[in-house]
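One structure below.
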There are 2 protein chains.
Amino acid sequence: MCKNVLKEWLPAILEHKKNFKVKKGELIFKEGHPVTGIFFVNSGYVKVHKRWDADKELIVRFAKEGAILGHRGMGKPPIYPISATALQNGVVGYIDMDFFEATLKVNSEFTYKLLQFFADELRESERKMRNLAHMSVKGRVAESLIILRDQFGETEEGYINIELSRQDLASFAGATYETVFRVINELVNEKMLILSGKRITIANNEKLIKLTQD
Amino acid sequence: MCKNVLKEWLPAILEHKKNFKVKKGELIFKEGHPVTGIFFVNSGYVKVHKRWDADKELIVRFAKEGAILGHRGMGKPPIYPISATALQNGVVGYIDMDFFEATLKVNSEFTYKLLQFFADELRESERKMRNLAHMSVKGRVAESLIILRDQFGETEEGYINIELSRQDLASFAGATYETVFRVINELVNEKMLILSGKRITIANNEKLIKLTQD
DNA sequence: CGTGGCGTTGACCGGGATCAAGTAGAGTGG
DNA sequence: CCACTCTACTTGATCCCGGTCAACGCCACG
């Protein structure tokens with residue numbers, strides 16, 4: 001979903017990037033703020049999220065190195081519709097919107113690639129919409145874990161290679177953290193997951209995937 | 001959201017379109033089928049929807065004349081991720097994907113406009129995702145009605161200019177039709193809506209919008 | 001005149017949110 | 001090194017929204 005877009009597509013643009021460090025928990029850009037440019041993840045993991053009310057949010061997706069951030073700001077009102085927050089210390093690149101747009105208008109091959117990327121994100125987004133409408137919390141947690149494993153891979157010991165607070169997992173699955181906690185326990189009892197501290201392994205892929213389809 | 005994209009952006013492409021009629025209820029393209037081309041609505045209303053299980057679906061959006069259909073098929077596996085069905089008798093245009101892609105690669109201005117359109121759809125999609133996760137059915141029905149009015153306008157008598165089955169309204173709001181029915185009654189009792197047969201008026205915009213924000 | 005789709009309504013109940021409270025670990029300052 | 005705070009995790013009790021099931025009315029249509 002979030003491939004190393006820039007290196008593949010347009011190495012030249014890399015030279016215009018300004019890099020800066022971000023600390024764990026640091027806000028990269030905020031929902032509602034005016035759009036000034038577009039961001040790229042050089043290293044570290046980032047969550048992209050949308051507020052609901054003070055203490056509730058939905059995590060729309062996660063991003064790792066190579067991913068684009070803030071491209072949703074290209075639309076009509078030039079205001080970021082979502083926020084991005086670093087989950088770890090890392091480095092992000094920044095390109096101001098004027099330069100980025102100029103590049104797009106000139107390089108139609110790049111624009112076309114970006115278009116396909118957007119189409120993929122739209123698919124994913126609409127699939128998730130449907131799941132939020134019709135799938136149980138258990139299925140959504142199962143799916144969330146599968147997505148996380150596919151995106152971030154596994155450690156040598158087989159654990160999903162990301163440490164996520166229950167709160168963030170809940171926000172990603174679209175549920176409360178108490179419910180997510182209970183559901184994870186169920187999944188462990190049913191031998192589909194194994195826990196080790198904060199790490200999670202998927203023990204039975206087949207059974208977990210079945211949950212995903214109803 | 002769905003402006004008259006083609007006429008505005010690239011009149012030339014219109015000449016390559018093949019038009020054909022569709023009858024009310026007719027499937028234009030189906031989720032899971034291979035992508036062969038891209039569609040445009042000439043006249044009539046169309047619903048874009050995603051199946052859940054045999055008798056459940058989510059309506060992702062509605063489209064009227066000028067709108068693009070099937071563009072989500074541009075992504076990775078060349079398979080439509082959603083279906084489109086005509087809500088009325090109408091006419092849709094069709095352009096095979098090869099020609100469309102060739103056009104995009106040449107005309108970067110057009111591609112750029114399309115990119116912005118995709119960015120807008122992504123915003124909208126992610127907003128709806130969040131709403132499905134956190135908003136009550138009542139709020140979602142209210143929002144759905146506001147969206148429909150904004151998109152399709154009102155008749156001279158002030159009714160929302162689209163006739164939709166309760167079933168479709170429910171699928172759009174992401175709820176069952178019984179629940180939607182009850183919620184609409186509540187909204188009528190609370191003087192926010194007026195019904196006349198299948199037609200609906202928004203009687204108190206302010207109050208309805210308030211529902212939308214929690 | 002049946003038959004099937006849609007609208008309408010009531011009864012039921014279960015998933016999941018909410019509230020409340022207790023525990024454990026990780027930093028922080030004296 | 002210990003007390004204190006703060007945050008995240010854990011667990012139980014409760015409640016209610018909204019999904020499910022069931023039944024009936026209505027109207028269009030073959």
Side-chain angles (χ1 to χ4, degrees), chain A residues 23-25 47 52-59 85 87-89 130-144 162-190 193-200 211 214, chain B residues 23-26 47 52-59 85 87-88 130-144 162-190 193-200 211 214:
Chain A
K23 276 182 289 185
K24 179 176 177 176
K47 66 172 175 178
W52 177 236
D53 65 358
D55 52 354
K56 256 187 252 171
E57 65 177 9
L58 182 73
I59 294 179
T85 302
L87 289 175
Q88 310 171 340
N89 297 337
R130 186 206 51 189
N131 291 351
L132 282 168
H134 292 306
M135 198 183 265
S136 69
V137 168
K138 197 164 176 180
R140 299 206 305 267
V141 168
E143 168 134 340
S144 297
I162 184 176
E163 272 189 21
L164 216 51
S165 70
R166 292 274 192 271
Q167 183 57 264
D168 279 342
L169 183 56
S171 296
F172 188 47
T176 61
Y177 73 105
E178 293 99 322
T179 300
V180 166
F181 172 80
R182 286 179 242 265
V183 163
I184 285 182
N185 278 350
E186 285 180 43
L187 292 174
V188 170
N189 288 336
E190 294 163 15
L193 296 180
I194 298 171
L195 295 185
S196 166
K198 295 188 178 180
R199 297 283 184 174
I200 300 180
L211 279 182
D214 195 328
Chain B
K23 277 182 287 186
K24 180 175 176 176
E26 189 178 331
K47 66 173 175 177
W52 177 236
D53 65 357
D55 53 353
K56 257 186 250 169
E57 64 177 10
L58 183 74
I59 294 179
T85 302
L87 289 175
Q88 310 172 339
R130 185 206 53 189
N131 290 352
L132 282 168
H134 293 307
M135 197 182 266
S136 70
V137 168
K138 197 163 176 179
R140 298 203 308 264
V141 169
E143 168 133 343
S144 297
I162 183 175
E163 273 190 21
L164 215 52
S165 70
R166 293 275 191 271
Q167 183 57 262
D168 278 343
L169 183 57
S171 296
F172 188 46
T176 62
Y177 67 84
E178 292 99 323
T179 300
V180 167
F181 172 81
R182 286 179 243 265
V183 163
I184 286 183
N185 278 350
E186 284 180 43
L187 292 174
V188 170
N189 288 336
E190 293 163 17
L193 295 180
I194 297 171
L195 295 184
S196 167
K198 294 189 180 183
R199 297 284 183 175
I200 300 180
L211 280 182
D214 195 331

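None of the values given here were measured: they were computed from a predicted structure. Labels below follow one simple rule: chain letters A, B, ... track the order of the sequence lines, proteins then strands, and each chain is numbered from 1.
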Quiz item: D/dG19 phosphate, OP1 or OP2: any side-chain N/O from B/T179 under 4.0 angstrom?
Solution: yes
In whole angstrom, what separates [X]'s [atom1] from [N]'s [atom2]?
| X | N | atom1 | atom2 | answer |
| --- | --- | --- | --- | --- |
| B/D55 | C/dG4 | CG | P | 17 Å |
| A/Q167 | C/dT18 | CD | P | 12 Å |
| A/D168 | D/dA8 | CG | P | 9 Å |
| A/K24 | D/dT7 | NZ | P | 14 Å |
| B/L169 | C/dC6 | CG | P | 14 Å |
| A/M135 | D/dG19 | CE | C1' | 17 Å |
| B/L132 | C/dA17 | CG | C1' | 17 Å |
| B/I184 | C/dC6 | CD1 | P | 16 Å |

Quiz item: Across the strands shown, which category fits A/K56 at heavy-atom distances under 4.0 angstrom: base, sugar-phosphate, nothing?
Solution: sugar-phosphate
Exercise. Check B/I162 against B/R199 and note the closest heavy-atom contact, atom names and distance.
Key: N-NH1, 3.5 Å
Practice problem: Please report the closest heavy-atom contact between A/A133 and B/G174, naming both atoms and the distance. | Solution: CB-CA, 4.4 Å
Quiz item: How about A/L58 and B/L132: do any of their side-chain heavy atoms sit closer than 4.5 Å?
Solution: no
Quiz item: So do the side chains of A/Y177 and A/D168 get within less than 4.5 Å of each other, counting heavy atoms only?
Solution: no
Practice problem: Go through C/dG7, D/dT10, D/dG19 for me and flag the one nearest to the B/R166 side chain. | Solution: C/dG7
Exercise. Kindly point out which of C/dG16, D/dG19, C/dT9 is positioned nearest to the side chain of A/S136?
Key: C/dG16
Find the distance between [atom1] ([X]) and [atom2] ([Y]) and round it off to the nearest 0.5 Å.
| X | Y | atom1 | atom2 | result |
| --- | --- | --- | --- | --- |
| A/R130 | B/K56 | CZ | NZ | 11.5 Å |
| B/M135 | B/R140 | CE | CZ | 8.5 Å |
| A/K47 | A/L164 | NZ | CG | 8.0 Å |

Quiz prompt | Check: A/R182 side chain, D/dG12 base, donor-acceptor under 3.5 Å | solution = yes
Exercise. Identify, between A/L164 and B/T176, the residue whose nearest nucleotide on DNA chain D lies closer to the 5' end.
Key: A/L164
Quiz item: Would B/V141 and B/L211 satisfy side chain to side chain contact (heavy atoms under 4.5 Å, CB included), going step by step from the backbone distance to the final call?
Solution: CA-CA 9 Å; B/V141 169; B/L211 280 182; over 6 Å; no
Quiz item: Just by protein heavy atoms under 4.0 Å, how would nucleotides 22-30 of chain D read 5' to 3' in B, S and -?
Solution: B--------
Collect all protein-nucleotide pairs involving nucleotides 23-25 of chain C in which both atoms are nitrogen or oxygen and the distance is under 3.5 Å.
none

For residues 179-188 of chain A, run the donor-acceptor check on the side chains, cut-off 3.5 Å, and write out each pair with its distance to 0.1 Å, sequence neighbours left out.
residue	atom	partner	partner atom	Å
A/T179	OG1	A/T176	OG1	3.0
A/E186	OE1	A/K138	NZ	3.0

